[in-house]
Amino acid sequence: MAVPLGAFIAVSAVLFFIGTAGVLVRRNAVVILMSVELMLNATNLALVAFSRRFASIDERGSVFVVFIFVVAAAEVAVGLAIILSAYRNRPTVDVDEIRQMKG
Amino acid sequence: MIQNVWVIPALPLAAFLINGLFGRRWLHRWTGIIASAAVGLSALLAIGVFFEVQGGGHESTTVTLYEWIGVGDFHVSVAALVDPLSSVMLLVVTVVSFLIFVYSNAYMEHDHGFYRFFTWLSLFVFAMLILVMADNYLLMFVGWEGVGLCSYLLIGFWFERPEPYVAAKKAFVMNRIGDWGYTIGMITTFLVFGSMQFTEVFEHVDIATEANLTLICLAFFLGATGKSAQLPLHSWLPDAMEGPTPVSALIHAATMVTAGVYLVARSMPLFEAAGPSLAVVGAVGAVTAIFAATIALVQFDIKRVMAYSTVSQLGYMFLALGVGAPVAAIFHLATHAFFKALLFLGSGSVIHGLGGEQDMRKMGGLRRKLPVTYWTMLLAGGALAALPPLAGFWSKDEIVAAAFLGGYPVLWAIGILTAVLTAFYVTRAMWLTFHGEPRDHHLYDHAHESPAVMTLPLIALAVGTAVLGIAIGFPPEAGFIHRFLGPVFEHEGAAEHAVEAATIITLAAVSVAAGVLGILVGLSMYVRHRPDPAAVSRAAGPFYRLLVNKYFVDELYDRRIVDALRAAFGAMWAFDIHIIDGLANRLGWLAAVGGSGLRRAQTGIVGNYALTIVAGLLVILVAYGGYAAGIFTR
Amino acid sequence: MDIFGAAFFALLTIGTIGAGVGVVLANRITTSALLMAFTFLNVAGMFVLLGAETVAMFQVLIYVGAITVLILYGVMFTPQSPRPYGLFFQTQKYWAALFVVPIAIFVAVVAFEFRDSAAAGGSGGDLVPLATSIFGDFAFPFEVASVLLLAAMVGAIVLVKRDEE
């Protein structure tokens, strides 16, 4: 039997939830970045699923996904640059220890 | 001439401006001449107006300058009402003012505030003329306030000493209480009648309820009480003697204090229709008359005696108004202006001659040294004591006669009793000042008669005092002034007395007897010392102290009213500091506390910020879900 | 045929979810990184299952290829001293749970709504429609995207550059 759309959406949802949990719970900045990628993947999955289910001539959902790829890549690059910069300042990537913005 | 009536106040106004702007630097002594000339010209014009009104059948004319206020239903013009009453007032004010201005040129000669004196005095005459000429209550109020202002400025003329400016403040504040009454009367008049113009209001008296009319009249009378120094707002007048003597003569004897009488006289149609208000006027006048006369008995400052005498005589005028004899009141106003101004100027002459001494206990035997002053003051004193054929007799006698004939025996009795007291204190004052042995030889030796510039006005006033009564008031009830002013007050409700000659003569005889009695008692006590005045005052003990201290009225006011007000003000100040300022301070404190509270959200921990983002996401999801589920509607 | 599709899907689901949980909970950071790559791979598989092969190819190229390598570089340049497992998690984890659980419920509900939908996966490949769209309607955003990448590259370099005296 074919896989119902709801299943893909369910998977996407769970993955998104996992990613959110990771962002909020892990201390290491790089791991947080990884969790963000999980979230992005979840959305990609949902978009492609909808796009393929309600396929129209131009598959706009998938087009959007392609652009999300681009943005995600750029974001990882810049995010890591920031993390490395911060690491140079104080040799930690622990987000709980970076509190200079207090007040 | 009537059409040019506005020139009359314009001249003193011009004098005020010229003296005020140029007096200090350039004009010096000329200020006195300019001011006197201006008032003199006004006096001539006033005489002209008077004769024109008299010749024109005693009609009233309105001369409008321009419309001053025109807002919705509220219209007030700057206009003059020229009728017998206002023309009499114009005459009295300008003529007496002129004589006093001339006198002041010499009296104030050595004063370094010479130009300032004439500036304020000119302004005063201007304001007083506005008051007298106005054809509506609002314009009259302009003059009313103006004279109050000038009174303040002139009482406090020698402000280098503390007593004058304290007295000036007191005068102004007490006046203000009266002004509050006037304002209420004025506004209520507008609310009830839709206009403040005399003619319009008086024509429509019947549209108002008696309660409204009583309110209006009592409010106006409160104003008159303040301005004319009747009980309970009388105590500023004796203190006002701190001002220069010409000021006392002009403002506090002849003109400003008569403004209250004029107000009530002008508003007679209202008062007559307002039930008990005339009774209040008469009662207050009578009580004030005798009250002030008792205080005058024991005063040692010659000007204070005259001041209390003025209060007392004003009481007579209000008494006359109260018993329904407004013509008598105005008549007495005119005669009193002459002889009281003369008494004050004469006192000023004495003070001038003694180099500034005002205490009668240091005088004595001055008649040999100041003959002109003596004889003119004697005449004026006789008028005050109401001896025929002097002016005072005709007017005062008419007042008490009106009281008796109008059916007010108690008021008549008070009037007669006060006449006795009046004659007594006048005799006492004259004796202590001019007769007997000089008590201070140093002062006596240096005493000199005043220069002609001062004595001529004294003589002029003396002539007026002598003849004015007969000229305009004889025969009683049927003299010139009655025919002149009668039409102003004649309308339904004016009391008509059936006068028999016999009754009139009897009443007159009683008045004269009262005056003579007072004089004889005075002479007896002071010439023969039977009984000795000092012994009498010792015997009277506490009662004597009561009189000397003016019934402790000022102390009463100070303790009860002023202290209470100070407490109230203290409470208000505390309210302002703690509650109003406190409110502002609390708001600031609130902002600070709020700020530091909110600051705690800035933990600096990036994870917390991410959490906040997720929380926001949650809110959006909930909202969106709510819409989708139909829980929320757009 | 379809039974294979369903089984494949089940397999991929387990892989995705399991690897995702592993990323969040793993002991060592390199484990997290590699598990993340595995997740990406599984998602690519799902794309294939949906018939979006081109997208799947891009997924593998970009995510499994570039991004994983980037992350590993990041891991390499930021060594942390070893620490007990509990300190892997932020102090705000309890608050986080408070917020995340409702989200979980919500997404569960949303997913539940779609349970009766018909099968996903349309007919035909996705290359032609994708190409037509990107180089047709979305040509301009495509160019902008390349500028974005350029900017990101320059920005990253600037951020990390050491100031040489």
Side-chain angles (χ1 to χ4, degrees), chain A residues 1-11 13-22 24-28 30-31 33-35 37-38 41 44-45 48-49 52-53 55 57-60 62-63 65-67 69-74 76-78 80-85 87 92-93 95-96, chain C residues 2 5-6 9 13 16-17 20-21 23-24 29 32 36 39-40 43 46-47 50-52 55 58 62 66-67 70-71 74-75 77-78 80 88-91 93 96 100 103-104 107 110-111 114-115 117 119-122 126 129-130 132-134 137-138 141 145 148-149 152 155-156 159-160:
Chain A
M1 71 202 163
V3 183
L5 175 63
F8 286 99
I9 303 307
V11 172
V14 173
L15 193 57
F16 185 82
F17 165 70
I18 293 172
T20 314
L24 294 178
V25 160
R26 286 299 300 245
R27 275 199 193 201
N28 194 314
V30 183
V31 175
L33 203 51
M34 290 190 234
S35 308
E37 292 309 312
L38 287 184
N41 268 276
N44 283 347
L45 182 57
V48 170
R52 291 301 293 173
R53 165 70 183 85
I57 306 287
D58 48 11
E59 288 220 22
R60 291 190 181 222
S62 305
V63 174
V65 167
V66 168
F67 286 113
F69 287 153
V70 172
V71 172
V76 170
V78 175
L80 279 171
I82 293 175
I83 292 175
L84 285 181
S85 235
Y87 187 81
T92 179
V93 285
V95 292
D96 266 356
Chain C
D2 279 344
F9 178 74
T13 308
T16 314
I17 305 294
V21 173
V23 167
V24 176
I29 193 167
S32 291
M36 181 185 77
T39 313
F40 293 157
V43 168
M46 290 206 185
F47 285 157
L50 281 168
V55 181
F58 284 142
I62 295 174
I67 290 184
L70 270 178
I71 294 282
V75 168
F77 283 117
T78 59
Q80 295 272 75
F88 277 6
F89 299 96
Q90 300 181 28
T91 35
K93 48 187 183 271
V100 163
I103 292 180
V107 297
V110 168
F114 287 95
R115 66 190 183 286
S117 313
D126 68 335
L130 204 60
T132 326
S133 299
I134 289 180
D137 292 328
F138 297 97
L148 173 71
L149 282 172
L159 274 173
V160 186

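Below, chain A is the first sequence line, B the second, and so on; all start at residue 1.
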Please round to the nearest 0.5 Å and tell me the distance separating atom [atom1] of [X] and atom [atom2] of [Y].
X: Arg52(A); Y: Phe47(C); atom1: CZ; atom2: CZ; result: 12.0 Å
X: Ile17(C); Y: Ile18(A); atom1: CD1; atom2: CD1; result: 4.5 Å
X: Phe8(A); Y: Thr13(C); atom1: CZ; atom2: OG1; result: 8.0 Å
X: Ile134(C); Y: Phe67(A); atom1: CD1; atom2: CZ; result: 6.0 Å
X: Leu159(C); Y: Leu84(A); atom1: CG; atom2: CG; result: 10.0 Å

Result of checking Asn44(A), Leu15(A), Val11(A) against Val43(C) for side-chain contact (heavy atoms from CB on, under 4.5 Å)
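Of the listed options, the one satisfying the test is Leu15(A).
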
Option in [options] with maximal non-hydrogen atom pairs under 4.5 Å from chain C:
options: Ile82(A), Leu80(A), Leu33(A), Val65(A); answer: Leu80(A)
options: Val76(A), Val31(A), Val93(A); answer: Val93(A)
options: Val14(A), Leu38(A), Ile83(A), Ile9(A); answer: Leu38(A)

Among residues at least two apart in sequence or on other chains, which ones pass side chain to side chain donor-acceptor pair (under 3.5 Å) with Ser62(A)?
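For Ser62(A) the side chain to side chain donor-acceptor pair (under 3.5 Å) partners, ignoring immediate neighbours, are Ser51(A), Glu59(A).
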
What are the two closest heavy atoms between [X] and [Y], and how far apart are they?
X: Ser35(A); Y: Val24(C); answer: OG-CG2, 4.5 Å
X: Ala74(A); Y: Ala152(C); answer: CB-CB, 3.5 Å
X: Ser133(C); Y: Val63(A); answer: CB-CG2, 3.4 Å
X: Phe69(A); Y: Ile62(C); answer: CB-CD1, 3.6 Å
X: Val23(C); Y: Arg26(A); answer: O-NH1, 3.9 Å
X: Ala96(C); Y: Leu24(A); answer: CB-CB, 3.7 Å

Which atoms of Ala66(C) come close to chain A, meaning under 4.5 Å heavy atom to heavy atom: side chain ones, backbone ones, both, or neither?
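Interface part for Ala66(C): neither.
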
Please look at Phe58(C) and chain A and tell me whether the side chain, the backbone, both or neither of the residue comes under 4.5 angstrom of a heavy atom of that chain.
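The answer is both parts of Phe58(C).
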
Sub-4.5 Å side-chain heavy-atom contact between Thr39(C) and Glu37(A):
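They are not in contact (no side-chain heavy atoms under 4.5 Å apart), so the answer is no.
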
Any side-chain heavy-atom pair of Asp137(C) and Arg60(A) under 4.5 Å:
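Side-chain contact under 4.5 Å: yes.
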
Take Met46(C) and Val48(A) through the side chain to side chain contact (heavy atoms under 4.5 Å, CB included) test and state the conclusion after the steps.
CA-CA 10 Å; Met46(C) 290 206 185; Val48(A) 170; over 6 Å; no

Qualifying residues under ring pair (Phe, Tyr, Trp, His ring centres under 6.0 Å), relative to Phe16(A), sequence neighbours excluded
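Phe16(A) satisfies ring pair (Phe, Tyr, Trp, His ring centres under 6.0 Å) with no other residue.
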
